[in-house]
There are 2 protein chains.
Amino acid sequence: MSDGRSGQSFSGESLLFLTDEQLRQGIEAMFFAYRGFTADPDRILSEMAYGRAHHRAVHFINRAPGTTVNNLLTILGVTKQSLNRVLRTLIGDGLVESRVGTVDKRERHLFLTEHGHALEATLSDAQRARMRSAYKDAGPEAVQGFKRVLEAMMDADMRRAYGKMRETGS
Amino acid sequence: MSDGRSGQSFSGESLLFLTDEQLRQGIEAMFFAYRGFTADPDRILSEMAYGRAHHRAVHFINRAPGTTVNNLLTILGVTKQSLNRVLRTLIGDGLVESRVGTVDKRERHLFLTEHGHALEATLSDAQRARMRSAYKDAGPEAVQGFKRVLEAMMDADMRRAYGKMRETGS
DNA sequence: AGTTTAAGTCAGCGTTGTTGACATTCCAAG
DNA sequence: CTTGGAATGTCAACAACGCTGACTTAAACT
């Protein structure tokens with residue numbers, strides 16, 4: 001509407017002036033991109049009896065082996081009942097191992113089995129390939145900006161969780 | 001793994017060399033950010049008898065008034081049965097109006113009613129506020145990069161749909 | 001006239017959220 | 001030491017929203 005890139009106008013303020021139209025483009029970009037983001041793993045999972053929730057569980061168990069059910073459901077942002085259904089099938093199918101805590105026997109510590117690692121690898125490979133290709137197309141500076149905006153978009157507590165995972169990173 | 005940020009190494013290639021760890025951070029950022037992105041509308045919708053699917057329908061009908069059912073379900077990427085369930089409630093509740101096409105009477109053209117516009121406004125206001133705040137925190141250059149990566153992450157046909165919407169923009 | 005297309009409906013199923021009820025374990029206060 | 005509460009995890013039932021498949025109606029195309 002009206003401008004596009006018309007105005008360097010006012011001081012530094014100009015760069016912070018955002019039309020509803022610009023924001024809506026961002027919203028739609030987010031919607032379409034997330035679909036692409038999940039498309040490849042979803043395709044793979046649908047051939048098995050699994051869904052996106054299984055993917056997420058496997059991802060974060062791989063990310064933080066030995067994590068407790070409670071940790072996991074905080075990260076995933078679902079109820080323990082919802083997570084439990086997913087874990088039950090993964091454990092039943094021998095992809096995840098659940099070990100009773102040694103210091104606190106109420107806790108269950110979660111690990112991927114060999115089969116679990118195999119599935120995790122298949123799924124991440126697909127998702128990383130898409131990510132790599134997007135990063136490559138957009139260029140390294142764009143990637144910086146991409147991450148910055150995403151971090152600003154998270155809820156505060158999730159930003160903390162994400163931050164902790166970055167430290168632990170690699 | 002194995003490295004981290006070891007290498008500026010090779011020529012310009014260095015900027016395109018992406019470790020699995022870097023990619024995984026992007027994947028997790030996308031996951032947490034999308035949760036934040038949908039959190040505010042979800043909260044509002046859960047107080048009514050609606051869900052995310054209703055939001056999406058209302059959004060795109062507002063975006064392209066008079067769109068047909070077929071257009072809509074292509075954009076949304078769901079089956080007509082799934083969309084129909086949502087549209088039926090929206091029409092029944094008087095948020096959406098369905099008019100028989102004048103040139104092709106098989107088609108139904110969809111419009112928001114006054115009530116529909118009200119809901120749409122409430123939902124977008126919440127989502128735009130989050131978006132605006134994220135953009136503001138990240139800065140204008142980051143926003144450029146953000147959009148570039150998201151576009152590269154979409155499936156080709158959705159990139160086309162997204163592009164068309166940008167042209168039509170406002 | 002016969003085929004294709006747009007839209008809608010009904011029935012049924014799977015994944016993944018939810019709440020409610022319950023068992024087990026730990027810990028701290030009496 | 002016992003008892004009551006908090007934390008952890010499990011089982012059951014329900015709702016939202018995807019999906020497939022089968023079918024109808026109406027209009028358009030050929």
Side-chain angles (χ1 to χ4, degrees), chain A residues 31 34-35 38-39 41-61 66-93 96-110 123, chain B residues 31 34-35 38-39 41-61 66-93 96-111:
Chain A
F31 170 67
Y34 197 77
R35 271 241 301 268
T38 56
D42 282 359
R43 224 182 330 270
I44 295 169
L45 288 158
S46 73
E47 287 164 16
M48 322 173 169
Y50 297 132
R52 211 175 281 181
H54 299 84
H55 181 190
R56 294 196 285 256
V58 165
H59 175 100
F60 284 107
I61 293 173
T67 191
T68 63
V69 173
N70 231 344
N71 283 338
L72 200 51
L73 65 87
T74 303
I75 291 289
L76 295 176
V78 297
T79 59
K80 62 181 170 175
Q81 294 89 333
S82 196
L83 175 58
N84 190 257
R85 192 191 313 110
V86 168
L87 284 180
R88 207 180 338 174
T89 70
L90 289 174
I91 292 168
D93 294 354
V96 169
E97 193 191 346
S98 163
R99 299 184 204 152
V100 174
T102 49
V103 4
D104 187 334
K105 288 181 198 158
R106 290 173 302 180
E107 296 179 340
R108 300 299 134 87
H109 298 277
L110 303 168
L123 295 172
Chain B
F31 169 67
Y34 196 77
R35 270 242 302 271
T38 57
D42 281 358
R43 222 180 335 267
I44 295 169
L45 288 158
S46 72
E47 287 164 16
M48 322 174 167
Y50 297 132
R52 210 175 283 180
H54 300 84
H55 181 190
R56 292 195 286 256
V58 165
H59 176 99
F60 284 107
I61 293 172
T67 191
T68 63
V69 173
N70 235 342
N71 283 339
L72 199 51
L73 64 89
T74 303
I75 291 290
L76 295 177
V78 298
T79 59
K80 65 177 173 181
Q81 293 91 330
S82 201
L83 177 57
N84 193 258
R85 194 192 306 123
V86 168
L87 282 181
R88 209 179 337 177
T89 71
L90 290 173
I91 292 169
D93 295 353
V96 167
E97 194 191 344
S98 163
R99 299 185 203 151
V100 173
T102 49
V103 3
D104 187 335
K105 290 179 197 161
R106 290 172 305 179
E107 296 179 339
R108 301 298 137 87
H109 299 278
L110 303 169
F111 300 87

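The chains referred to below are lettered A, B, ... by the order of the sequence lines, with proteins before strands, and numbering in each begins at 1.
V100(B) comes within 4.0 angstrom of no nucleic acid atom, judged by non-hydrogen atoms across all strands. When heavy atoms are screened at a 4.0 angstrom cut-off, R88(A) is found touching the sugar-phosphate backbone but no base atom.
T74(A) approaches R35(B) most closely through the heavy-atom pair O-NH2, 4.5 Å. Shortest non-hydrogen contact noted between K105(B) and R108(B) is O-NH2, 4.0 Å. Shortest non-hydrogen contact noted between L76(B) and A57(B) is CD1-CA, 4.4 Å.
If you measure from atom CD of E107(A) to atom C1' of dT24(C), you get 13 Å, rounded to the nearest angstrom. The CG atom of L110(B) sits 15 Å away from the P atom of dA6(C) (whole-angstrom rounding). Protein atom CG of D104(B) is 19 Å distant from nucleotide atom P of dT25(D), rounded to whole Å. Summarising the geometry, the separation between OH on Y50(B) and P on dG17(C) is reported as 24 Å, rounded to the nearest angstrom. In this structure, L87(B) atom CG and dA6(C) atom P are separated by 16 Å, rounded to whole Å. Atom pair L45(A):CG and dG18(D):P shows a separation of 18 Å (rounding to whole Å applied). When the P atom of dT8(D) is taken as reference, atom NE2 of H109(A) falls 11 Å away, rounded to whole Å. Straight-line distance from the CZ atom of R99(A) to the C1' atom of dG9(D): 18 Å, rounded to whole Å.
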**Message:** Does V58(B) form a side-chain contact (heavy atoms from CB on, under 4.5 Å) with Y50(B)? I'd like the steps, not just the answer.
**Reply:** CA-CA 11 Å; V58(B) 165; Y50(B) 297 132; over 6 Å; no

**Request:** Might you work through the side-chain contact (heavy atoms from CB on, under 4.5 Å) test for L87(A) and I61(A), ending with a clear yes or no?
**Result:** CA-CA 11 Å; L87(A) 284 180; I61(A) 293 173; 4.0 Å; yes

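Between K105(A) and I91(B), the one whose closest nucleotide on DNA chain C sits nearer the 5' end is I91(B).
In this structure, R52(B) contributes its side chain and L45(B) its backbone to no donor-acceptor pair below 3.5 Å.
Note: H55(B) and H59(B) have perpendicular aromatic rings, judged against thresholds of 30 and 60 degrees for the angle between ring planes.
Residues passing the ring pair (Phe, Tyr, Trp, His ring centres under 6.0 Å) test with F31(B) are F60(A), sequence neighbours excluded.
Tested against Q81(B) for a side chain to side chain contact (heavy atoms under 4.5 Å, CB included), the candidates T79(B), N84(B), L83(B) yield a single pass: T79(B).
Using a 4.0 Å cutoff on non-hydrogen atoms, no part of residues 52-60 of chain B comes near DNA chain C. The stretch residues 66-84 of chain B touches DNA chain C through T68(B), V69(B), N70(B), K80(B), Q81(B), N84(B), each having a heavy atom within less than 4.0 Å of the strand.
Taking 3.5 Å as the limit, the base of dT5(C) and the side chain of R106(B) contain a donor-acceptor pair of atoms between them.
For R85(B), the listed nucleotide lying nearest its side chain is dG18(D); candidates were dG18(D), dA13(D), dC26(C).
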